Amino acid sequence: MKKGDMTKKILGTVSNFFIFFLLAAFVTTCCIMLFISALQGSIGREFTQDEITVAAKITMLNVILLSIGMAIVDYVRRKFMVERPVKRITEATSKMIEGDFSVRVEPISKFANDDSFNEIIECINKMATELSGVETLRTDFIANVSHEMKTPLAVMQNYGTLLQAPDLPEEKRIEYAKSIADAARRLADMMTNILKLNRLENQQIYPQIEKYDLGEQLCESLLQYESTWERKNIEIETDIAERVLVSADAELLSLVWNNLFSNAFKFTEDGGKVTLTLTADEEYATVKIADTGCGMSAEVGAHIFEKFYQGDTSHATQGNGLGLALVKRVVDIMQGEIGVESAVGVGTTFTVKIRRADYGLEEDR
Ligand code: ADP
């Protein structure tokens with residue numbers, strides 16, 4: 001213990017002693033004076049000066065002993081009931097400040113009659129658990145971003161070197177330049193998605209709620225993939241209920257449909273089929289986007305909404321595993337629901353439920 005802390009403790013104990021002394025002296029003097037006047041009345045004589053002096057000295061001694069006793073009891077109580085838990089808490093928080101979130105504080109004895117410290121300890125332990133979760137997410141995120149950046153950067157570097165070769169045939173030059181442009185586009189797409197996700201997670205995007213026709217929006221989104229379904233000879237089937245109005249942020253929801261359609265076309269082989277269905281009941285509009293693509297196992301399905309997760313690595317270069325994380329976040333912000341049913345080799349169906357216009361959204365969103 002530091003010298004300054006020791007002096008502080010001694011001064012604290014001494015000042016406690018004086019407080020107890022004054023209290024005990026005041027209480028005892030009042031009691032003794034009452035007692036003497038009552039006694040004088042009942043025995044019918046006045047006490048002499050000497051008798052009073054002796055009684056006062058004995059009382060003074062008792063007061064001093066009592067005060068010392070109380071100061072010692074108070075010191076011991078503080079030591080075990082206050083200093084120990086405070087020391088445990090400060091040690092743990094100091095470790096957390098240094099970045100160690102694995103620390104946990106032991107609760108103090110159950111026999112202590114004041115449970116306030118255990119409440120504080122419980123909160124600190126919860127905080128440490130939360131912080132360690134956030135820290136893991138952060139380090140995973142950095143590792144994932146760095147990993148995802150490395151591949152397109154390596155591609156750019158390699159093709160950049162190849163482009164420097166003299167007498168390069170024209171078609172090779174075009175091929176290499178195209179590969180560099182593709183890698184740069186992937187990097188730019190990933191950065192755009194990271195920024196969008198970041199803004200959505202930090203609630204920097206406030207949904208612009210408007211009432212609009214969901215069917216029209218779905219058709220517009222689907223039509224963007226016309227060239228893809230024609231190239232891959234994919235059959236399209238639609239069953240869209242008319243005039244289904246929703247109260248939502250159209251721009252954010254278009255992110256959802258674009259990602260789901262883009263995955264459906266990406267994971268469906270040539271000659272497959274993509275089906276779009278829009279139905280509605282009183283409360284919800286339900287959108288189903290189904291494909292007859294490669295499907296996914298239950299294990300893959302359990303992770304698809306995680307950032308950077310890619311279950312099917314054969315299409316890894318066509319995405320970065322952020323699409324469905326974005327989709328999930330937007331659906332959550334819209335207070336909707338999203339589910340997936342899939343079977344390997346059979347196909348996948350994503351179902352999204354969005355509140356209809358008349359039901360509105362909660363004010364705080
Ligand atoms: P990306 O498409 O960039 O890989 P996503 O977040 O959009 O990332 O999807 C995550 C994973 O979910 C994909 O890698 C794939 O394994 C799986 N997935 C998503 N949509 C489908 C689908 N329609 N059919 C099969 N697998 C899918």
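First listed ligand is number 1; within each ligand, the first listed atom is number 1. We count residues from 1, following the sequence as given. Not measured: the values here are computed from a predicted model.
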- Mind checking whether F305 has a heavy atom under 4.0 Å from ligand 1?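 It does not; every heavy atom stays at 4.0 Å or beyond.
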- Could you tell me whether ligand 1 has any atom less than 4.0 Å away from a heavy atom of D291?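 Distance cut 4.0 Å: D291 passes for ligand 1.
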Atom indices of ligand 1 within 4.0 angstrom of [X] heavy atoms, with elements:
X: I304; result: 11 (C), 12 (O), 17 (C)
X: F350; result: 20 (N)
X: K266; result: 1 (P), 2 (O), 3 (O)
X: G323; result: 6 (O), 7 (O)

- Minimum non-hydrogen distance to atom 15 (C) of ligand 1, winning option of F265, F261, F267: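 Result: the heavy atom closest to atom 15 (C) of ligand 1 is in F267.
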- Atom CD1 of I124 and atom CE of M96: how far apart are they, to the nearest 0.5 Å?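 Here the interatomic distance stands at 6.0 Å.
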- Spacing of CG belonging to L214 relative to CZ belonging to R243, to within rounding of 0.5 Å: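 Reported value, rounded in 0.5 Å steps: 12.5 Å.
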- Item | Side chain, backbone, both or neither: Y309 near ligand 1, heavy atoms under 4.0 Å |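 The answer is the backbone of Y309.
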- Task: For ligand 1, indicate whether the residue T348 contacts it via side chain, backbone, both or neither (heavy-atom separation under 4.0 Å).
- Result: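 T348 to ligand 1: side-chain contact only, backbone stays beyond 4.0 Å.
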- Query: Judged by atom type as modelled, is there a donor-acceptor pair below 3.5 Å linking the side chain of N259 to the main-chain atoms of L255?
  - Reply: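 Checked: pair present.
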- Any idea how F350 and F305 line up, ring-wise: parallel (<30°), tilted (30 to 60°), or perpendicular (>60°)? perpendicular
- Query: Between L153 and L187, is a side-chain contact (heavy atoms from CB on, under 4.5 Å) present by the stated rule, with each step listed?
  - Reply: CA-CA 8 Å; L153 282 176; L187 261 184; 3.9 Å; yes
- Item | Any residue meeting ring-ring contact (aromatic ring centres under 6.0 Å, His included) with F308, in chain and number order, not counting sequence neighbours | F141
- Note on the structure: For F26, the ring-ring contact (aromatic ring centres under 6.0 Å, His included) test, sequence neighbours excluded, returns none
- Query: After noting the C-alpha distance and the side-chain angles of L218 and L276, does the key distance pass the side-chain contact (heavy atoms from CB on, under 4.5 Å) rule?
  - Reply: CA-CA 9 Å; L218 284 164; L276 164 67; 4.0 Å; yes
Would [X] count as being in polar contact with ligand 1, using the rule that some N or O on each side must be under 3.5 angstrom apart?
X: G321; answer: yes
X: M296; answer: no
X: V300; answer: no

